[in-house]
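Down below is the structure, laid out as structure tokens.
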Amino acid sequence: MIPRLRFETISKSFPGVNALTDVSFDVAPGEIHGLLGENGAGKSTLLRILSGVFRPTSGTVLIDGQAVAFKKPMDARGAGIAMIHQELQQVPHLSVAQNMFLGHSLTRMAGLFVSRREQEARAAEALSMIDRSIDPAAPISSLKVAQRQIVEIGRALLDNARVVAMDEPTSSLTPTEFDRLAEVIASLSARGVSIIYVSHKMDEVFRICQRASVMRDGKLVGRVDLKSASEKDVIAMMVGRQLMQEEHNSFVTDTVKLEAKNLSSATKIRDVSFTLFKGEVLGIAGLVGSGRTELLRLLAGADRLSAGSITIDGKAVRFATPREAIAAGIGLLPEERKREGIIPLRPVSTNMALASLSNLSAGGMISTGKLRAIAQDLLKRVNLRPFQLDRPIGLFSGGNQQKAIIARWLAAKSQILLFDEPTRGIDVGAKSEIYHLIEDLAREGHSIIVVSSELPEIIRLSDRVLVMREGRVAAGIPRDQLTESAIVAHAIPGANAGAADTRAAQTA
Amino acid sequence: QDLAPLNSDTEKNRMDWSELEAKLGPFPKLPEGTKAGAVSKTLTNEYWRSLGEGYASFGKKVHVPVVYQAAQSEGDQLGQLTIAEGMITQGYNVLLVSPQTDANLQPVIEQAKAAKIPVVNVNDAVIPQAEHYVGNVQRDNGVRVAKWFIKNRPQGGKVAIVEGQAGVYAAVQRTDGFKSTISEGGKFKVVASVPGNWDRQTSYDAATNILNQHPDLVGFYANNDGMALGIVEAVKAAGLAGKVAVFGTDGISDAYSSIKAGELTGTVDSFPVLTGEVALETALRLVAGQKLPRVVATPQALITADNLSRYQGANVDVRAVLMEDAKAAK
Amino acid sequence: MTSSSNAAESIPAFRRFSFSLRDAGTLIGLIVIMAVFAALVPGFLSERNLVNILQQSSINACLALGMTLVIISGGIDLSVGPMAAISAVITATLLLAGTPIPLAILAGLGVGIVCGFINGALVAYVGLQPFIVTLGTLSTYRAIALIYTGGNPVLGIPSGLRSLFNGNLFGVPTPVIIVAVVAIAAWILLKKTPIGEYLMAVGGNEEAAYVAGVPIARTKITAYVISGGLAALASLILIGRLGAAEPILGNLWELDAIAAAAIGGASLMGGKGSILGTILGAIILGAMRNGLTLMNVQAFYQLLATGLIILAAMIIDRATRGRG
Amino acid sequence: MTSSSNAAESIPAFRRFSFSLRDAGTLIGLIVIMAVFAALVPGFLSERNLVNILQQSSINACLALGMTLVIISGGIDLSVGPMAAISAVITATLLLAGTPIPLAILAGLGVGIVCGFINGALVAYVGLQPFIVTLGTLSTYRAIALIYTGGNPVLGIPSGLRSLFNGNLFGVPTPVIIVAVVAIAAWILLKKTPIGEYLMAVGGNEEAAYVAGVPIARTKITAYVISGGLAALASLILIGRLGAAEPILGNLWELDAIAAAAIGGASLMGGKGSILGTILGAIILGAMRNGLTLMNVQAFYQLLATGLIILAAMIIDRATRGRG
Ligand SMILES: Nc1ncnc2c1ncn2[C@@H]1O[C@H](COP(=O)(O)OP(=O)(O)OP(=O)(O)O)[C@@H](O)[C@H]1O
Ligand SMILES: Nc1ncnc2c1ncn2[C@@H]1O[C@H](COP(=O)(O)OP(=O)(O)OP(=O)(O)O)[C@@H](O)[C@H]1O
Ligand SMILES: [Mg+2]
Ligand SMILES: [Mg+2]
């Protein structure tokens with residue numbers, strides 16, 4: 001049988017980096033093909049070649065046996081290839097539906113006018129497969145990241161594509177949404193649509209994919225049949241070594257580090273109270289839109305409190321800007337890396353040092369030596385790849401950008417670290433590195449709050465978990481009662497929201 | 001540096017252009033290879049192009065090559081300075097400059113002095129340190145128009161002024177001359193004196209607004225002809241043609257045509273071509289080593305439909321006519 | 001654009017209606033200015049004067065509409081004045097040479113379109129910065145107009161053209177009607193057609209637009225071409241009014257046009273702008289000039305007032321939108 | 001920022017050196033222009049003329065350095081000319097009133113700094129768009145200078161100040177030395193201090209800079225304050241040269257300063273710019289004017305050449321950087 005899609009000895013080099021070397025594999029019609037690899041392995045680059053964003057340095061892409069050479073994304077789209085990009089590709093002042101149909105609007109009157117109503121209807125239809133709550137007429141900028149990611153998925157479903165390339169489509173989604181995506185993918189596959197699925201979440205890949213190709217350093221290192229292979233083997237193939245068994249370690253002390261009382265914000269947060277101890281890792285779980293990100297932004301001084309108080313080390317604090325929070329020892333790893341995290345044109349080293357420049361300067365001048373030393377040290381610690389400190393951060397793969405931002409807060413010596421989806425888009429190897437890092441930080445006496453939509457991650461890391469629901473703390477679950485079902489039970493609206501649980505959360 | 005700051009309108013050490021030959025004798029012989037450089041404000045205004053024609057025609061007459069340059073726009077102060085400095089380095093024997101502002105060519109005066117090149121300030125802005133100035137009396141432009149009103153509209157009434165760019169010497173002087181003269185008898189009232197920025201469109205809009213509020217206006221005085229022609233259109237659009245007198249300044253050819261057509265009431269012509277000729281003559285006499293007074297005054301005349309044929313036409317020798325005028329004035 | 005990006009973010013429902021809210025802010029700014037002048041100048045609110053204000057705002061509004069589209073696409077067009085000048089002098093010379101009026105008008109508009117196309121091509125194909133491209137063509141086009149005419153105005157525009165662009169229709173000046181039609185067309189273009197979406201997309205997130213298959217170059221060029229065409233149209237209105245086409249016409253028009261667009265809510269970072277807002281912005285500027293002239297404010301103080309009113313209008317607008 | 005976002009993206013090592021490579025592009029542009037003039041104009045490359053070019057470029061370079069910092073921070077400053085005018089007339093009147101020279105200089109610089117601070121505060125605290133803020137202050141500051149002096153120039157600057165700003169040191173004109181020192185200081189500020197990093201962060205991604213604790217408001221204000229201070233310094237150089245301070249001084253300075261920064265590689269989208277590039281850009285503009293004058297090109301054609309050379313310099317630069 002002719003494969004639906006075939007990569008033939010694809011190479012791509014960027015000046016200074018060989019992103020892909022002789023990658024060949026094929027995907028059958030209706031196949032759901034996993035594409036695995038560490039951060040920077042070249043997965044996105046390969047898919048971007050497929051979707052016409054890049055042209056390969058050498059090699060050919062064949063679709064249904066025919067060689068294609070796309071000059072621009074439009075060409076790929078015309079050839080029946082849809083792509084969900086790793087980073088959100090959206091235009092702020094357009095509506096959800098307009099974004100979804102951008103570049104191939106539905107029109108009436110001989111293509112003269114955009115048919116908004118029809119677009120919105122079709123957009124709603126596509127979105128409803130995953131999330132019914134998104135209003136296709138709303139401006140995209142009013143949506144949270146997760147919802148925007150769903151919009152990206154919806155967009156790919158609009159084209160009746162032959163191949164759908166998904167580059168980490170669920171990086172900010174919760175398992176609930178993944179379940180629905182899995183159904184959608186299954187029905188696409190049943191219709192003969194081929195899917196390439198890139199994700200760092202192994203369980204997802206094992207659940208939906210039949211076969212997978214594994215990449216390392218721009219080369220294809222193996223093809224695996226996921227029915228027979230074990231997760232451990234695949235990870236070993238990706239990372240090139242065995243990962244240690246993950247176990248939770250607790251370093252909680254009974255010194256109160258931060259105390260939040262009755263926090264409310266103008267928009268979402270209602271009456272949130274909790275205590276954070278020195279050395280504690282406090283997990284915050286909840287559905288998309290439950291207010292987790294908002295809570296972290298409040299704590300980090302990025303948004304204003306409308307009521308309530310925060311004390312750190314027993315002293316009342318009130319932050320007007322993140323800068324003040326940083327001075328008080330709080331660091332926020334933002335959820336939306338591209339928009340809130342990086343200064344794309346600046347080197348990775350200065351991006352890392354941005355929050356601690358005053359400490360790295362003497363007499364008003366940045367001490368280049370100190371900056372280099374700390375960059376060397378911390379970026380090595382987070383395992384940045386490629387290890388080029390002067391390279392603009394915008395050119396790094398998504399996961400490596402994330403690592404650099406984590407390093408930012410290590411450089412700033414923040415005592416309270418607020419990690420919003422810290423492993424979003426991070427490969428398994430690096431993920432375990434980050435887990436160890438978080439544990440090390442806790443051991444060193446940092447207090448850490450981790451927001452994550454991945455329940456295994458929350459369970460792996462947390463000493464205690466707060467579950468949020470509609471802007472309130474629905475429950476506090478201590479370590480010994482921590483299970484996925486316990487969290488889910490509290491997170492879903494209408495479940496038994498015990499006031500007692502809330503109280504438990506504050507003192508647990 | 002010991003020179004008192006020049007006020008071209010009031011300077012005592014002056015001479016009328018008509019006396020040049022009489023007092024200094026026939027045009028002298030010049031050193032071999034004499035060449036003159038001239039810098040003016042802009043070529044986008046006919047006035048300055050005509051001045052250049054005057055330079056060229058006199059240069060041709062006495063076989064002196066004249067290079068005439070201008071800044072890229074009115075108000076380009078540093079660009080004009082660059083041009084003038086370039087001329088000094090290039091070894092011209094004399095410079096004629098029409099500065100954008102009173103001060104922007106000051107360094108040229110100093111550098112030229114060091115290089116022993118005479119500099120003649122020709123019209124408009126006045127460099128305080130200038131040793132020689134050729135031009136008309138700016139203030140007098142406004143005065144002449146005011147006098148016309150006093151004579152021809154004896155019952156008085158409301159008048160309005162549309163000014164040139166705020167802060168520019170010529171605009172300030174012309175406006176002031178008109179304002180102070182017309183207010184003297186107490187019969188006229190200046191109901192508006194608003195900026196037109198040397199711009200036809202701005203003046204049109206300003207005039208429309210003024211006419212709207214004062215339909216009984218007697219007349220407009222504009223600091224230049226371009227603005228006056230804009231005002232004429234506004235007056236026509238308001239249906240007040242013939243009722244509101246409009247005066248401009250400079251005497252560009254379009255102003256003449258408009259007067260002929262019975263639209264523009266008048267303009268104060270300062271005869272740029274003649275001014276150019278006189279200025280170059282003055283400059284070259286300096287090169288030849290003659291002593292001249294600090295200011296050589298050039299003529300101007302209020303042109304209206306009544307006297308237009310005297311100053312323009314196929315057989316009119318403007319120079320001769322003006323010479324007559326000068327004699328008559330004495 | 002402010003340090004309080006957080007505030008903006010925490011009011012999403014807000015954003016949903018932000019366009020009309022922003023326009024409301026501009027409208028309030030206009031009302032405040034009108035009220036102040038009405039109190040100070042008798043007759044300011046007379047019908048005749050209001051029509052006057054609209055007529056005097058029409059040229060700037062026409063340019064500002066094109067500017068708004070360019071700004072939305074992430075660019076800027078400093079060359080509107082010189083483009084207008086070239087098409088004015090060409091139309092005028094054609095008319096004087098006896099070319100039929102419709103043909104001369106088409107030629108004038110065509111010249112504006114060609115100039116706009118050159119701007120657009122330099123931005124989109126050569127990849128130069130819009131500011132510097134149009135700064136370069138600002139000089140170049142002006143020089144062409146000056147060289148073509150030798151610096152002299154072209155006088156004697158036939159009355160046929162003049163009445164077309166400077167007449168009245170049911171008591172409304174034709175320039176006002178023309179600009180209203182253009183504004184409606186621009187609004188439809190922006191809100192109802194794919195091109196409008198492309199403009200917003202290219203200015204809002206060029207990479208996303210590219211990946212989505214938006215024809216980037218074509219979209220940018222379209223914006224500059226429209227700006228050129230509207231500059232030409234503005235010049236026709238002007239020569240209709242003045243009866244003369246000057247090569248120096250349109251000096252500093254770009255600043256007024258940009259000010260109108262910005263007062264109306266266009267962001268010079270691209271991706272954002274409102275047709276209604278721009279029209280209101282142009283009227284704010286027109287009303288201000290008119291009021292100051294009627295008050296016979298002295299030149300220096302008029303300049304002062306112009307500056308302060310622009311700032312005040314922006315501050316009022318910012319405040320009514322509820323800053324945060 | 002071009003349609004080929006992909007192409008731009010695919011040249012990373014490039015980007016790594018992009019600053020110096022970009023500067024090399026500007027340098028090549030300068031060399032080409034110099035070579036052309038050298039071939040056409042005898043004496044163009046004489047030492048005296050070269051010094052002349054530097055001296056004539058010094059004022060624009062001084063302004064353009066401040067402009068570069070503002071542009072890097074994501075803003076723009078249209079009010080440099082009027083800021084210069086205000087500080088010039090105030091310094092001059094103080095000097096005439098017998099104030100000691102150092103004090104008068106400090107006062108002049110202080111005035112520029114205050115004006116810059118107002119611009120910065122309106123941008124950073126009130127949250128207005130930089131273009132419109134500085135368009136408003138462009139009129140306001142100019143009006144203040146005119147009102148303060150009644151429109152008259154202030155003549156008779158003491159020779160002490162004049163020799164300070166218009167003298168020679170080892171045969172090099174002092175303005176050139178002053179600007180060289182300012183350029184080095186600006187380079188150090190941008191490359192070696194936290195403020196420089198903050199400027200690039202704020203212009204590069206304001207939201208991210210905010211979350212990372214960059215003091216957004218303070219950073220933006222710093223840029224405008226520096227721009228105001230350097231405008232004042234430029235005005236001191238000018239009044240040293242002219243011996244007079246005029247309220248209408250500095251007309252259209254902003255365009256030249258922006259052109260120099262943009263030719264030198266500053267992106268008006270913010271986050272990007274080069275001190276060396278800006279200096280080269282200012283020299284390109286200076287050399288061009290000088291050369292055209294020496295060639296006795298007529299004003300209209302000079303305007304044409306100015307426009308075309310700006311475009312050509314940008315195209316050469318784009319081409320040498322290897323477009324894609
Ligand atoms: N536009 C670009 N310019 C230069 N280098 C690039 C560019 N895009 C990617 N690279 C480099 O190519 C390599 C592969 O990156 P790619 O984004 O394909 O990795 P990835 O496998 O998708 O990683 P991740 O899991 O982190 O998303 C990396 O070293 C990256 O830095
Ligand atoms: N359906 C929705 N439509 C529009 N805005 C929403 C919706 N749901 C939530 N939001 C906005 O999201 C914010 C709260 O979500 P927040 O990001 O704090 O929660 P979260 O649990 O962190 O979500 P995420 O998992 O996406 O990070 C609020 O400001 C709210 O206005
Ligand atoms: Mg990737
Ligand atoms: Mg979140």
Side-chain angles (χ1 to χ4, degrees), chain C residues 1-6 74 76 78 122-133 135-144 146-147 150-151 206-207 210-211 215-217 220 255 258-259 262-263 267-270 299-312 314-315 318 323, chain D residues 1-6 8-9 74 76 78 122-133 135-144 146-147 150-151 206-207 210 215-217 220 255 258-259 262-263 267-270 299-311 314-315 318 323:
Chain C
M1 291 303 336
T2 73
S3 56
S4 56
S5 12
N6 55 328
I76 196 159
L78 302 179
L122 286 170
V123 169
Y125 291 130
V126 188
L128 305 183
Q129 291 191 42
F131 196 99
I132 195 82
V133 164
L135 189 65
T137 54
L138 169 78
S139 299
T140 310
Y141 294 160
R142 177 69 73 202
I144 291 173
L146 286 165
I147 292 168
E206 185 167 335
E207 192 189 336
Y210 175 71
V211 165
I216 309 279
K220 288 186 176 175
L255 289 187
I258 295 169
I263 290 176
S267 156
L268 288 146
M269 294 285 137
F300 299 168
Y301 290 92
Q302 207 168 113
L303 199 60
L304 186 68
T306 309
L308 291 178
I309 290 178
I310 289 180
L311 293 175
M314 296 303 286
I315 293 173
R318 197 84 184 80
R323 126 129 244 265
Chain D
M1 295 292 18
T2 73
S3 58
S4 54
S5 15
N6 57 328
E9 236 187 301
I76 195 157
L78 302 179
L122 286 171
V123 170
Y125 291 130
V126 188
L128 305 183
Q129 290 193 42
F131 194 99
I132 196 82
V133 164
L135 189 65
T137 54
L138 168 79
S139 299
T140 311
Y141 294 161
R142 176 70 72 203
I144 292 173
L146 285 165
I147 292 168
E206 182 168 338
E207 182 79 41
Y210 176 68
I216 309 281
K220 287 185 177 177
L255 288 186
I258 296 169
I263 291 176
S267 156
L268 288 145
M269 294 284 137
F300 297 168
Y301 291 92
Q302 222 175 97
L303 195 63
L304 185 69
T306 309
L308 292 177
I309 289 177
I310 289 180
L311 293 175
M314 296 303 285
I315 293 173
R318 196 83 184 79
R323 126 133 247 263

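Quick note on labels: first sequence line is chain A, next is B, and so on, each numbered from 1. Predicted model only: the values in this text are computed from it and were never measured.
Each of C:Val133, C:Leu268, C:Leu78 has some count of heavy-atom pairs under 4.5 Å with chain D, and the biggest count is that of C:Leu268. Your options are D:Ile147, D:Thr137, D:Ile310, and the one with the most heavy-atom pairs under 4.5 Å with chain C is D:Ile147.
The side-chain contact (heavy atoms from CB on, under 4.5 Å) check on C:Ala259 picks up C:Leu285, D:Ile132, D:Leu135, with sequence neighbours excluded. For D:Pro215, the side-chain contact (heavy atoms from CB on, under 4.5 Å) partners at least two apart in sequence or on another chain are A:Arg323, D:Tyr198, D:Arg218, D:Thr219.
Note that CD of C:Gln129 is 10.5 Å distant from CD1 of D:Ile263, once rounded to the nearest 0.5 Å. Taking CE of D:Met314 as the start and CG of C:Leu122 as the end, the distance is 10.5 Å to the nearest 0.5 Å.
At a 4.5 Å heavy-atom cutoff, the contact between D:Ile76 and chain C is made by side-chain atoms alone.
Across all their heavy atoms, C:Leu146 and D:Leu303 have their closest contact at CD1-CD2, 3.9 Å.
Side-chain contact between D:Ile144 and C:Phe300: absent, with no pair of heavy atoms (C-beta onward) separated by less than 4.5 Å.
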